[in-house]
Each structure stands twice: as structure tokens, then as C-alpha cells.
Protein chains: 2
Amino acid sequence: MSDPGLACCTPLSGTAMSAEQAEQVAPLLKALADPVRLRLVSLIASSATREACVCDLNDAFDLTQATISHHLKVLHSAGLLDRDKRGVWVYYSVRPEALSAVASLFSTSALAPA
Amino acid sequence: MSDPGLACCTPLSGTAMSAEQAEQVAPLLKALADPVRLRLVSLIASSATREACVCDLNDAFDLTQATISHHLKVLHSAGLLDRDKRGVWVYYSVRPEALSAVASLFSTSALAPA
DNA sequence: ACAGGACATCGACGGACGTCGATGTCTGTA
DNA sequence: TACAGACATCGACGTCCGTCGATGTCCTGT
């Protein structure tokens with residue numbers, strides 16, 4: 001709200017991300033913005049079968065089973081992981097669409113570095 | 001920690017992200033995991049000169065100047081924004097290295113969708 | 001039917017987060 | 001030198017987050 005003749009800079013070109021788009025993507029980033037959850041997704045994504053059962057994920061961390069279950073729930077609620085119960089075990093797999101939705105933020109959208 | 005003969009799945013191939021790498025990138029994601037901060041970075045990155053002064057950024061939101069200043073500080077502390085005071089005004093610009101560090105997560109690392 | 005294991009849920013606790021009004025600091029101008 | 005404006009900092013408030021122990025639910029083998 002500066003004086004017209006005293007502008008400090010050009011008034012921000014209009015190709016930036018919309019507020020709605022930001023509100024949509026931020027929860028995905030928030031779900032990933034934790035070291036444990038980041039490693040969880042990475043462990044599942046780098047698995048040979050692109051999925052992993054909770055028991056093996058538990059063993060990869062020095063955390064309680066309740067805590068790992070909580071983090072998996074957060075990732076699942078955010079739409080980043082799929083959940084598949086097979087018998088006694090539960091298998092989580094990554095949702096490529098969700099991950100690429102975040103990836104496109106940094107390549108094609110207004111956040112592209114170049 | 002299941003019985004050897006009773007494994008529920010292969011014990012997670014070893015190409016996943018390290019704990020140290022996760023601890024390093026998570027703060028960057030946490031800084032971006034907010035709608036306001038996401039728009040701030042987008043506004044600055046999409047600006048013609050790749051920078052923006054705080055006064056214009058203030059006008060783009062229905063938030064207090066103190067709140068915007070706080071968000072800019074968070075982004076700056078995370079290494080995502082550069083700060084340059086020129087006279088009365090302060091100009092923020094994106095740090096391409098930081099942004100591409102996050103971008104590489106989703107393209108080349110263990111989080112790549114394909 | 002029963003026992004045991006895999007996983008989810010609950011309740012609680014300490015700490016971090018987003019926002020605000022008020023105030024401080026610095027810079028250019030009258 | 002005094003003033004006004006741009007931006008940062010401070011202190012406070014309510015809310016959300018990460019973690020835990022305890023408990024619940026569901027499945028499988030005996």
C-alpha cells in the first residue's frame with residue numbers, strides 16, 4: 001500500500017500459485033515434513049515390491065509400534081499411502097499420483113528453480 | 001522381529017533414504033508445509049526479478065505484517081530465501097539450490113514415483 | 001473355544017506452531 | 001534533530017504435533 005509514485009518494486013507478476021492450490025498441496029508437504037515419515041515413504045518406495053508390511057517398518061525405527069502406526073495413518077490420511085490388509089499383516093504402498101503431484105510443484109509450477 | 005521361517009515379506013531392500021538424509025531434508029519440507037509460506041515462495045519465485053519486497057508480500061495476504069515477517073523468517077532460517085536490505089525496504093529472493101535440493105527428492109532419490 | 005500375535009485406537013503429556021497486538025530498530029526526509 | 005514509515009522482535013494465546021503406555025480389534029493356528 002505504498003504511494004503510487006513511490007513503489008518499492010513491480011507489483012508482483014501474476015503467475016504465482018493460487019491460494020486454493022496452496023491449501024491443497026500444503027497438507028501433502030506437511031505429511032512428508034517429518035524425518036520418520038520421510039523414511040517410511042522412502043522405505044516403502046524403495047522396496048522391491050513397492051510395498052512393505054508394518055512389522056518390517058517397525059523394525060527400521062527405534063520407536064514404539066503405536067508411533068509408527070500413527071505416522072502411517074497420517075501418510076494414509078494425506079493420500080500418500082495405500083493400505084492393504086492381507087491376513088494378519090497390513091501392507092502399505094505408495095500412491096504415485098500423490099507423490100507426483102508434489103513433485104510437479106518443483107518442476108512445472110511457480111516453484112521451478114530455473 | 002518375526003520368526004525366520006515366518007517372514008511376512010522381504011526384509012526391505014537397502015536403497016532407501018538414510019536417517020541423516022531425512023533429518024536434513026525434513027526441515028526444508030516443514031518450512032514449505034504451510035499454505036502461506038508456499039504462496040510466499042511462489043510469489044517471490046514467479047516475480048519478474050525473482051525477488052520481492054515485504055510491503056508487496058504483505059498486501060497479498062489477509063494477515064498481519066508481524067505474521068508475514070514471521071513466515072519470511074522461517075523460510076529464511078530454513079535456507080530457502082535470501083534476504084537483502086536496500087534502504088528502507090527488504091527484498092527476499094529464492095535460493096535455487098535449496099529448492100532444487102527438495103526437488104531432487106522426488107526425481108532422483110528413493111522417492112521417485114517410477 | 002482359546003491363546004497369541006499383528007496392528008489400530010485411546011488418553012495423556014510436553015513441546016512446537018500460527019497468529020496477533022504492542023513495541024523496538026533502522027532509514028530517509030523535512 | 002525530530003518525525004514517519006518499513007520491517008523485525010517480543011510476549012501471549014489457543015491449537016496442533018510427536019511420542020508413549022495401555023488397551024482394543026481382528027486374524028490364525030491349536
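Lettering follows sequence order; numbering is per chain, from 1.
- B/D34 comes within 4.0 angstrom of the backbone, heavy atoms only, and of no base.
- Residue B/T67 has no polar side-chain atom (N or O) positioned under 4.0 Å from OP1 or OP2 of C/dG18.
- Geometrically, B/R39 engages B/F61 in a cation-pi contact, judged by NZ or CZ lying under 6.0 Å from the ring centre and within 45° of the ring axis.
- For the pair B/D84 CG and C/dT27 C1', the interatomic distance rounds to 15 Å; values are reported in whole Å.
- If you take CD on B/Q65 and NE2 on B/H70, they are separated by 13.0 Å, rounding to the nearest 0.5 Å.
- Following rounding to the nearest Å, B/F61 (CZ) and C/dG18 (P) show an atom-to-atom distance of 13 Å.
- In this structure, the CG atom of B/L63 is 10 Å from the C1' atom of C/dC20, given to the nearest Å.
- Nearest-nucleotide positions on DNA chain C place A/C53 closer to the 5' end than the other of B/K85 and A/C53.
- Whole-Å rounding puts the A/L32 CG to D/dC17 P distance at 14 Å.
- Interatomic distance, B/L32 CG to B/L99 CG, rounded to the nearest 0.5 Å: 6.5 Å.
- For DNA chain C, the neighbouring residues in residues 70-81 of chain B, judged by any heavy atom under 4.0 Å, are B/H70, B/H71.
- Nearest nucleotide to the side chain of B/A66, out of C/dG21, C/dC7, D/dG21: C/dG21.
- A/L105 contributes atom CG, which lies 8.5 Å from atom CG of A/L28 (distance to the nearest 0.5 angstrom).
- Under the 4.5 Å side-chain criterion, counting only non-hydrogen atoms from C-beta, B/I44 is in contact with B/L57.
- Distances shown here put every side-chain N or O of B/S69 at or beyond 4.0 Å from the OP1 or OP2 atom of D/dT9.
- Side-chain contact check for A/P35 versus B/E23: some heavy-atom pair is nearer than 4.5 Å.
- Ring planes of A/F106 and B/F106: parallel class, angle under 30° (limits at 30 and 60°).
- In this structure, a donor-acceptor pair under 3.5 Å is present between the side chains of B/H71 and B/R37.
- Atom CG in B/D62 sits roughly 14 Å away from atom C1' in C/dC20 (whole-Å rounding).
- Rounded to whole angstrom, the span from the CG atom of B/N58 across to the P atom of C/dG21 amounts to 13 Å.
- Side-chain nitrogen and oxygen atoms of A/R83 include none within less than 4.0 Å of the OP1 or OP2 phosphate oxygen of C/dC7.
- Of all the residues in residues 19-26 of chain B, not one reaches under 4.0 Å from DNA chain C with any non-hydrogen atom.
- The CG-P distance, from B/D56 to D/dG5, rounds to 17 Å in whole Å.
- Near DNA chain C, defined here as any heavy-atom distance below 4.0 Å, the residues from residues 35-44 of chain B are B/R37, listed numerically.
- Cluster membership for A/L43 and A/V74, using ILVMFWY side-chain heavy atoms within less than 4.5 angstrom, is not shared.
- Under the 4.5 Å side-chain criterion, counting only non-hydrogen atoms from C-beta, A/L81 is in contact with A/V94.
- Ion pairing of A/R86 with A/E51 is present here, as a side-chain N (NZ or NE/NH1/NH2) and a carboxylate O approach within less than 4.0 Å.
- In this structure, B/Y92 reaches the sugar-phosphate backbone alone: every heavy-atom distance under 4.0 Å involves primed, P, OP1 or OP2 atoms, never a base.
- Which of D/dA6, C/dT19, D/dA8 sits closest to the side chain of B/V88 comes down to D/dA6.
- Under a 3.5 Å cut-off, the side chain of B/T67 and the backbone N or O of B/L63 do not form any donor-acceptor pair.
- Within 4.0 Å of A/I68, counting heavy atoms only, lies no atom of the nucleic acid at all.
- Residues A/L72 and A/L40 are in side-chain contact: their nearest non-hydrogen atoms beyond the backbone lie under 4.5 Å apart.
- No N or O donor and acceptor, one from the side chain of A/Q65 and one from the base of C/dA6, sit under 3.5 Å apart.
- Between A/K30 and B/V54, the residue anchored closer to the 5' end of DNA chain D is B/V54, taking for each the nucleotide with the nearest heavy atom.
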